[in-house]
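This report refers to the structure that appears directly beneath it.
Every chain is numbered from 1, with letters handed out A, B, ... down the list of sequences.
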There are 2 protein chains.
Amino acid sequence: MADVAQLSTSLRRGTLEFCVLAMVETEDRYGNEIVRRFGDEPSLAASEGTIYPLLSRLRRAGWLDSKWAESPAGPPRRYYALTLSGRAALEHFRTEWVSFRQTVDRLVGTGEVA
Amino acid sequence: MADVAQLSTSLRRGTLEFCVLAMVETEDRYGNEIVRRFGDEPSLAASEGTIYPLLSRLRRAGWLDSKWAESPAGPPRRYYALTLSGRAALEHFRTEWVSFRQTVDRLVGTGEVA
DNA sequence: TGGACCTACCTTGCGTCGCAAGGTACTGTG
DNA sequence: CACAGTACCTTGCGACGCAAGGTAGGTCCA
């Protein structure tokens, strides 16, 4: 059960993968970079153990493409880019997200006036 | 992997339980009633196999209380009510949800202008 | 040269959850 | 008495988050 401390853990579910897609939409990025960027988002913080398997799944699903490139200092990096079907999936999520968000707002309320 | 058909399945994760809490916030409700009400929400549809175990978890977590009552026609119903700590959890979710929602809007965009 | 450290990748194991399918039982109707 | 409707719950499977553990390339400095 999601006690209060783990609340945001399961909130991320189903959203994180599309945040990743959005993150590589305009620019190729590599795994560790993505992990660090999510670390800056308090509502979305996710560790290596979450991001790397997620990137593999997105690659297998054909939504991401990857190519190796050398690092200016350190081991080589695997850069990810959005594929055509990845872009389509992201677009589809955007519309799905809007209606989902509205439904939740309506059902649980946000403290604002209805 | 969440293909497009299962997209909303995992979106629900982490949200559904609080929609349930919100649903019994102002009025006691029983399981089948909750299932039917979610059936009317296209973004949240969830079946018995999801709702009943969820209700049990919420009860074990101390967020819901239940009492049996006879039905005007049919087998007895188990009515659920929000406990004090359930109410606190729901309030906590409401603030968490608002910031989560904003983060996702910002990261994936919604098609609206930034 | 060699040790310490950083960066970068990935896997293993555990626990949780959604959900289709299957199961039990009470009630009213023909 | 059979049947259909209502209402509850469980089982088994697959997917996922994530802490922890593992490998390896690169730089720095003594």
Going hydrophobic residue to hydrophobic residue with side-chain gaps under 4.5 angstrom, can you get from B/L90 over to B/F100? yes
Hey, what's the ring geometry for B/W97 with B/F93, parallel, tilted or perpendicular (30° and 60° as the breaks)?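 Parallel, since the angle between the ring planes stays under 30°.
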Provide the closest heavy-atom pair for A/R59 versus A/S66 in the form atom of the first, atom of the second, distance.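 Closest pair (atom of A/R59, atom of A/S66, distance): CD-OG, 3.5 Å.
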What string of B, S and - do you get for nucleotides 5-13 of chain C 5' to 3' if you count protein non-hydrogen atoms under 4.0 Å? --BSBBB--
Electrostatic pair A/R36:A/E33 at N-O distance under 4.0 angstrom: no
Could you tell me the separation between the [atom1] atom of [X] and the [atom2] atom of [N], rounded to a whole number of Å?
X: A/R13; N: D/dG14; atom1: CZ; atom2: C1'; answer: 11 Å
X: A/E17; N: D/dC18; atom1: CD; atom2: P; answer: 13 Å
X: A/I51; N: D/dC16; atom1: CD1; atom2: P; answer: 14 Å
X: A/L16; N: D/dC16; atom1: CG; atom2: P; answer: 12 Å
X: B/R57; N: C/dC19; atom1: CZ; atom2: P; answer: 11 Å

Ignoring backbone atoms, establish whether A/R12 has a side-chain N or O less than 4.0 Å from OP1 or OP2 of D/dC18. yes
Verify the contact: side-chain N or O of A/S47 to OP1 or OP2 of D/dA19, cut-off strictly under 4.0 Å; return yes or no. yes
Less than 4.5 Å apart, any side-chain heavy atom of A/N32 and any of A/R77?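 No, side chains not in contact.
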Would you tabulate the side-chain donor-acceptor contacts of residues 67-75 of chain B under 3.5 Å, counting partners in other chains and residues two or more places apart, or write 'none'?
residue, atom, partner, partner atom, Å
B/K67, NZ, B/D28, OD2, 3.1
B/S71, OG, B/A73, N, 3.0
B/S71, OG, B/A73, O, 3.1

